[in-house]
Amino acid sequence: MNIETFIKELIEAANTFDTKKYLDFYLADAVLNDPSVGRKFLGHEGIEDYFKSYFIGYNTNTEIIKLDILTEKQVFLEVKFTGDFSEQTIGGTFEITFKNDKISYLKADLIH
């Protein structure tokens, strides 16, 4: 798996609001933990709810600022979000763990 390509394609799926393609990047039992909204989202059903609420619902566009490949199984991603939310632009981070060439765990957080 080429991690840089994987991340670019993940962000592209998010920015085009392609729910099916976005979910394909995750294992069926993946966990998405977002302390900034105070919830963990479990499996495709939970992650779809998160994606529709916070990405599609706020017309969120994500821009990659910095990608740190920590190991072949873990990356740290700094991003900038723009969208229809009160701040209009805000920073964020993703800590991503991979298993079998898919996301098994993702911690998303906002930079205040």
Side-chain angles (χ1 to χ4, degrees):
M1 173 177 81
N2 182 307
I3 292 175
E4 287 183 30
T5 301
F6 182 99
I7 296 298
K8 287 178 185 175
E9 290 176 355
L10 170 70
I11 299 302
E12 180 182 313
N15 288 341
T16 58
F17 307 127
D18 187 336
T19 304
K20 182 185 178 324
K21 187 172 182 182
Y22 182 79
L23 290 173
D24 284 344
F25 288 94
Y26 292 84
L27 290 173
D29 62 350
V31 174
L32 192 154
N33 179 17
D34 190 340
S36 62
V37 300
R39 283 188 57 200
K40 287 184 180 178
F41 300 85
L42 307 177
H44 280 188
E45 185 177 322
I47 294 167
E48 180 176 358
D49 178 52
Y50 175 84
F51 183 67
K52 287 181 175 180
S53 296
Y54 298 104
F55 283 80
I56 297 172
Y58 286 99
N59 194 34
T60 301
N61 183 274
T62 306
E63 177 186 339
I64 298 170
I65 302 298
K66 183 179 178 187
L67 171 62
D68 289 327
I69 299 171
L70 306 174
T71 70
E72 64 183 30
K73 301 282 185 201
Q74 290 189 306
V75 301
F76 181 84
L77 181 62
E78 184 178 340
V79 297
K80 178 174 77 173
F81 298 115
T82 55
D84 300 334
F85 39 85
S86 60
E87 298 90 349
Q88 295 181 337
T89 300
I90 194 164
T93 61
F94 295 132
E95 296 174 34
I96 302 171
T97 302
F98 301 105
K99 181 179 174 185
N100 300 328
D101 297 336
K102 296 214 181 231
I103 297 169
S104 61
Y105 179 82
L106 186 147
K107 179 181 178 188
D109 210 349
L110 297 178
I111 300 173
H112 297 283

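Under the 4.5 Å side-chain criterion, counting only non-hydrogen atoms from C-beta, Phe76 is in contact with Glu95. Using a 4.5 Å heavy-atom cutoff, the side chains of Ile69 and Glu4 are in contact. In this structure the side chain of Asp49 reaches within 4.5 angstrom of the side chain of Phe41, judged on heavy atoms. Looking only at side-chain heavy atoms (C-beta outward), Leu106 and Ile47 stay at 4.5 Å or farther from each other. Residues Phe98 and Val75 have side chains in contact (heavy-atom distance under 4.5 Å, counting atoms from C-beta outward). Using a 4.5 Å cut-off on side-chain heavy atoms (C-beta onward), Glu48 and Leu23 make contact.
Follow the hydrophobic side-chain contacts under 4.5 Å out from Ile3 and you never reach Ile65; the two are in separate clusters. Under the 4.5 Å side-chain heavy-atom criterion for grouping Ile, Leu, Val, Met, Phe, Trp and Tyr, Leu110 is connected to Ile11 within one hydrophobic cluster. Both Ile56 and Tyr22 sit in one connected hydrophobic cluster of ILVMFWY residues. Membership requires side-chain heavy atoms under 4.5 Å apart, directly or through other members. Follow the hydrophobic side-chain contacts under 4.5 Å out from Met1 and you reach Leu67 in the same cluster.
The two residues Ala108 and Asp34 have their closest heavy-atom pair at O-OD1, 3.0 Å. In this structure, Asn33 and Tyr105 approach most closely via the heavy-atom pair ND2-OH, 3.1 Å. For Ile90 against Ile111, the heavy-atom pair with the smallest separation is CG1-O, 3.5 Å. Nearest heavy-atom pair, Tyr26 versus His44, reported as atom, atom and distance to 0.1 Å: O-NE2, 2.9 Å. Contact between Phe6 and Asp101 at its shortest, heavy atoms only, is CE1-O, 3.5 Å. The minimum heavy-atom distance between Gln74 and Thr97, with the atom names listed, is NE2-OG1, 3.5 Å.
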Step-by-step side-chain contact (heavy atoms from CB on, under 4.5 Å) determination, Phe25 to Glu9
CA-CA 9 Å; Phe25 288 94; Glu9 290 176 355; 3.7 Å; yes

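Applying the 6.0 Å contact sphere to NZ of Lys102 captures more than 12 heavy atoms from other residues, nucleotides or ligands. Environment of NZ in Lys99: sparse, with no more than 12 heavy atoms of neighbouring residues, nucleotides or ligands closer than 6.0 Å.
Screening residues 12-21 for side chain to side chain donor-acceptor pair (under 3.5 Å), with sequence neighbours left out, gives Lys20-Asp24.
The distance from the OG1 atom of Thr62 to the NZ atom of Lys80 is 11.0 Å, given to the nearest 0.5 Å.
When ring centroids are compared, Tyr58 and Phe81 stay outside the 6.0 Å threshold.
Aromatic ring pairs are classed by plane angle as parallel below 30°, tilted from 30° to 60° and perpendicular above 60°; the pair Phe51 and Phe17 is tilted.
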